[in-house]
S.K.: 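Quick one: the structure is below, and I'll ask about it shortly.
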Amino acid sequence: MRLDRFLSETTPLTRSLAKRALKSGEVELNGQPIKQAATQIDPENDSVRWQGEPLALVGLRYVMLNKPLEVECSARRGLYPRAVDLIDLPKAERLKPVGRLDVDTTGLLLLTDDGQWAHRITSPKHRCAKVYRATLASPLEGTAAQRAKEQVAEGLLLDGEEEPTKPATLKLLSSTEAELTITEGRYHQVKRMFGALGNRVESLHRASIGDLVLDANLPPGEWRELTADEIALF
Ligand code: URA
């Protein structure tokens, strides 16, 4: 790898600032000052220091965030802070949310720079189950509740779509607290499913993805890296 690229991957420096740092003698390669940006290095075996600090490439990262309200999952800066802005890791902007939660949805959001791992979670082929807790505007009880469970299990036709939703599971925790498990990730899917049932979601929280449950010790807005066992779930 070129030395200036290695510096831009392992420090906050951009490629051109890395070149400047090299020119001004801030970089050492295997104990010797070095100025040539085009020098090829072996990141595994060469020792590079910037301002005396040893540098190493960051590996793949896997993070769970308890997404709070009014945080966006998009890559571009918009009206609200982005999920990635809450993650205090070097080069955090390289982390991508695994699927999206709406700005007013809370709960389990995964972020990673491992595209293949993310794909195993989001690809419809893998049918990864996601559990959402919804507070409903209208109470769902009695035969209406039973009918709603059957409709969800059979599949619902959402506004503007031709394919019904894949079989899903609706559990009622109370007349206005529902737990919906889906294996797809269509646009605003949970809210639209309750809309198709003639109801409205007032608040929405994602509790789990596959066998990975949101850590109960993470308050809203807090994050932690996944353990090796958690990464291996997908
Ligand atoms: N379904 C929704 O409607 N919103 C979300 O944020 C996630 C799933």
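Just so you know, ligand 1 is whichever comes first in the structure, and atom 1 is the first atom listed for that ligand.
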S.K.: Using a 3.5 Å cut-off on N or O atoms only, is Lys191 in polar contact with ligand 1?
M.R.: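 Yes.
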S.K.: Report the part of Leu204 (side chain from C-beta onward, or backbone N, CA, C, O) that has a heavy atom under 4.0 Å from ligand 1; answer both or neither where that applies.
M.R.: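 Just the side chain.
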S.K.: Quick check on contacts: which atoms of ligand 1 are under 4.0 angstrom from a heavy atom of His188?
M.R.: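 Every atom of ligand 1 under 4.0 Å from some heavy atom of His188: 1 (N), 2 (C), 3 (O).
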S.K.: Tell me the protein heavy atom at minimum distance from atom 1 (N) of ligand 1, and give that distance in Å.
M.R.: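 Heavy-atom neighbour on the protein nearest atom 1 (N) of ligand 1: Val190 N, 3.1 Å.
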S.K.: Under a 4.0 angstrom heavy-atom cut-off, which atoms of ligand 1 come close to Tyr132?
M.R.: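 Reading through ligand 1 atom by atom, the close ones are 7 (C), 8 (C).
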S.K.: Check Arg94 with Asp113, please: is the shortest side-chain N to carboxylate O separation under 4.0 Å?
M.R.: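 No, no charged N to carboxylate O under 4.0 Å.
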S.K.: Start with the C-alpha distance between Thr181 and Thr169, add both sets of side-chain angles, then the distance that settles side-chain hydrogen bond (donor to acceptor under 3.5 Å, both in side chains), and finish with yes or no.
M.R.: CA-CA 5 Å; Thr181 304; Thr169 310; 5.2 Å; no
S.K.: Need the ligand 1 atom indices (1-based, order shown) with element for anything under 4.0 Å from a heavy-atom of Thr105.
M.R.: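 Under 4.0 Å from Thr105, ligand 1 has these atoms: 4 (N), 5 (C), 6 (O).
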S.K.: Report the part of Asp102 in contact with ligand 1, treating N, CA, C, O as backbone and CB onward as side chain, heavy atoms under 4.0 Å; options are side chain, backbone, both, neither.
M.R.: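 Both backbone and side chain of Asp102 come within 4.0 Å of ligand 1.
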S.K.: So, Glu222 and Arg224, do they make that salt bridge, N to O below 4.0 Å?
M.R.: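 Salt bridge: no.
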S.K.: With heavy atoms of Gln189 as the reference, note each atom of ligand 1 found under 4.0 Å away.
M.R.: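 Taking each heavy atom of Gln189 in turn, ligand 1 has 1 (N), 2 (C), 3 (O) under 4.0 Å.
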S.K.: Would you mind reporting whether Lys130 and Gln189 have side-chain heavy atoms less than 4.5 Å apart?
M.R.: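 Gln189 vs Lys130: side chains apart.
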S.K.: Would you say the side chain of Val98 lies within less than 4.5 Å of the side chain of Tyr62, judging by non-hydrogen atoms?
M.R.: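 They are not in side-chain contact.
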S.K.: Glu163 vs Arg186, test: salt bridge (Lys or Arg N to Asp or Glu O under 4.0 Å). Steps then yes/no.
M.R.: CA-CA 11 Å; Glu163 279 277 308; Arg186 302 191 198 186; 5.4 Å; no
